[in-house]
Amino acid sequence: MPKYKPKGCKCGRSNAVNVIAANGSCDGAPPVPEPCFDVCTTPICGTPQYLTLLAPVVYDEIGINLCRQITLAADFATTYPNVESSTAEAVSVTFSTAPGEVPAIAPISGRPNCYSVTLRNLTVNFAVKLYDCAKRLITVLPVSSTYLPASGTPDYAYFDEDTNPSSVELELYAPYGVSYSAADAATPVINYVGFATGASSPAQGLNMIIIPKVLSFDGATGEVSMGLSLYLKSIYYSQYLIPHNGRAVVPKGSLIPQEDSVCMEFVSGGLLDREIKPLELGAPHHDETLKNECENSGCCCPSYQKAVTLAPGTGDNTPGGGTAPTPSTGGGEHEVEIELEEQSLPAAPDSPDSLLNTLARLGSL
């Protein structure tokens, strides 16, 4: 199978590769000079200068306010005698599928990048929270109510030309188009971003967000004046290069250790976090070149000690504990290799007298 690599990318030729290779490994080990740095086998540690993000970007938006009266429940005062106030959340929205009541979405003639959206007969599902005089939550009521009512429906009794008309027409700039319910692109759709499972994320195309507010509350009848701020947005996922101020530190709740154990030490310690750096796919570092394979030229042999030959009158500045110096024997060229255990020699001498004493001890071995 052929492998794809970016055109013109050759491992080791970018300055960024040399800089990254000099940063060392994730466990704090010193950097190892290598002719090539392969991110596929050695992930880069640290934080990038820029992050490549795929973010939902709002290209255009428009909002309107609506309002109508809602009865929360029958026999409200008897069922909830201690309720003093209420708040509401818009959980979801149901769009009517009846003929003539479906939202109409169409490109504007002669202006192909803009769409006309006609909204009507929207059933909003609320979660209404009821509180007592001390602001303690009594219960949460699921309540549904229809805004922009169509003529001939029961909710048309709440029709008001100024606060709750039968329909509204909005225009949106949507240069990349809208979403559809099927592959045949016959039915454009509006995605509602609310608090219901499966309907809490933005999508490509047209999106609706509703923010409700209880404007007035009557505890005797259970009636509220529910206002809505309805937002319609055209959203598309776009890729951006974002500078940032470093990784966020998550606050951690700590437990008081009752015993000295490995588990208690871990639970009381800091949170685990991953430190592998995302690739910077653009200027200035061009980390994508690090995905090129490197030739395997490393040695997997165990470490060994090297013998060092000292000419008469010379000293070794290497700290003791690894490789022993090999003195000359009687002016000839014969070399004697002596291996000493770790820490058998003192630190490197700083004066000629110390060097002579060290050589004398070596000669007596």
Side-chain angles (χ1 to χ4, degrees), residues 56 58-73 88-109 112 114-128 140-174 176-212 224 226-237:
V58 177
Y59 275 65
D60 192 15
E61 60 183 340
I62 188 172
I64 58 171
N65 283 341
L66 302 172
C67 183
R68 60 158 286 180
Q69 295 295 115
I70 298 176
T71 302
L72 299 180
E89 293 179 68
V91 178
S92 62
V93 168
T94 303
F95 299 96
S96 176
T97 58
E101 300 177 10
V102 181
I105 305 171
I108 300 176
S109 179
C114 291
Y115 285 76
S116 174
V117 181
T118 302
L119 300 176
R120 47 193 168 225
N121 213 29
L122 304 179
T123 301
V124 184
N125 305 305
F126 298 100
V128 180
V140 179
L141 288 179
V143 178
S144 297
S145 182
T146 299
Y147 287 74
L148 305 176
S151 177
T153 61
D155 287 280
Y156 195 72
Y158 297 96
F159 166 83
D160 186 282
E161 185 65 33
D162 298 319
T163 62
N164 191 29
S166 59
S167 65
V168 292
E169 183 177 352
L170 308 172
E171 292 185 2
L172 276 178
Y173 172 66
Y176 295 132
V178 298
S179 300
Y180 301 91
S181 60
D184 58 4
T187 308
V189 296
I190 300 174
N191 175 64
Y192 178 73
V193 184
F195 295 93
T197 302
S200 57
S201 301
Q204 296 251 89
L206 301 183
N207 291 259
M208 178 184 292
I209 296 176
I210 290 179
I211 302 176
V224 296
M226 187 74 74
L228 297 182
S229 287
L230 187 152
Y231 296 90
L232 194 63
K233 305 170 183 283
S234 61
I235 296 179
Y236 305 102
Y237 281 86

Side chains of residues 161-168: which donor-acceptor partners sit under 3.5 Å, not counting sequence neighbours?
residue	atom	partner	partner atom	Å
T163	OG1	D160	OD1	3.3
N164	OD1	L148	N	2.9
N164	ND2	Y158	O	3.2

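In terms of heavy-atom proximity, S234 sits nearest to L172 at N-CD1, 4.2 Å. For the residue pair K233 and I209, the shortest heavy atom distance occurs at CE-CD1, 3.7 Å. Nearest heavy atoms, A88 versus F126: CB-CD2, 4.4 Å.
Here I62 contributes atom CD1 and Y231 contributes atom OH; the two are 12.0 Å apart, rounded to the nearest 0.5 Å. Rounded to the nearest 0.5 angstrom, S151 OG and F159 CZ are separated by 9.0 Å. Taken to the nearest 0.5 Å, the CD1 atom of I235 stands 10.0 Å off from the OG atom of S179.
Proximity of L119 to M208: side-chain heavy atoms (C-beta onward) are separated by under 4.5 Å at one or more points. Side chains of R68 and S145 form a contact here, defined as non-hydrogen atoms less than 4.5 Å apart. Looking at L206 and N191, their side chains never come closer than 4.5 Å, going by heavy atoms from C-beta outward. Between I105 and I190, some side-chain heavy-atom pair lies under the 4.5 Å cut-off. Residues L228 and V124 form a side-chain contact, since some pair of their non-hydrogen atoms from C-beta on lies under 4.5 Å apart. The side-chain heavy atoms of L122 and F95, taken from C-beta on, include a pair separated by under 4.5 Å. Using a 4.5 Å cut-off on side-chain heavy atoms (C-beta onward), V93 and T123 make no contact. Using a 4.5 Å cut-off on side-chain heavy atoms (C-beta onward), N121 and T146 make contact.
Within 6.0 Å of atom OH in Y176, 12 or fewer heavy atoms from other residues, nucleotides or ligands are found, so the atom counts as exposed in its surroundings.
Side chain of S96 to main chain of A98: a donor-acceptor pair is present (N/O by atom type, distance under 3.5 Å, no hydrogens or angles). A donor-acceptor pair is defined here as one N or O able to donate and one able to accept, closer than 3.5 Å; no such pair exists between the side chain of D60 and the backbone of V58. Here the side chain of R120 pairs no donor or acceptor atom with the backbone of A150 at under 3.5 angstrom.
Of the options Y237, Y236, Y115, Y173, a ring-ring contact (aromatic ring centres under 6.0 Å, His included) to Y59 is made by Y236 and by none of the others. Among L66, L230, V193, V91, the single residue meeting the side chain to side chain contact (heavy atoms under 4.5 Å, CB included) criterion with I210 is L230. In summary, of the residues considered (N125, V224, I70), a side chain to side chain contact (heavy atoms under 4.5 Å, CB included) with V143 occurs for I70 alone.
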Residue pair S116, E169: steps toward the side chain to side chain donor-acceptor pair (under 3.5 Å) verdict: CA-CA 7 Å; S116 174; E169 183 177 352; 2.8 Å; yes

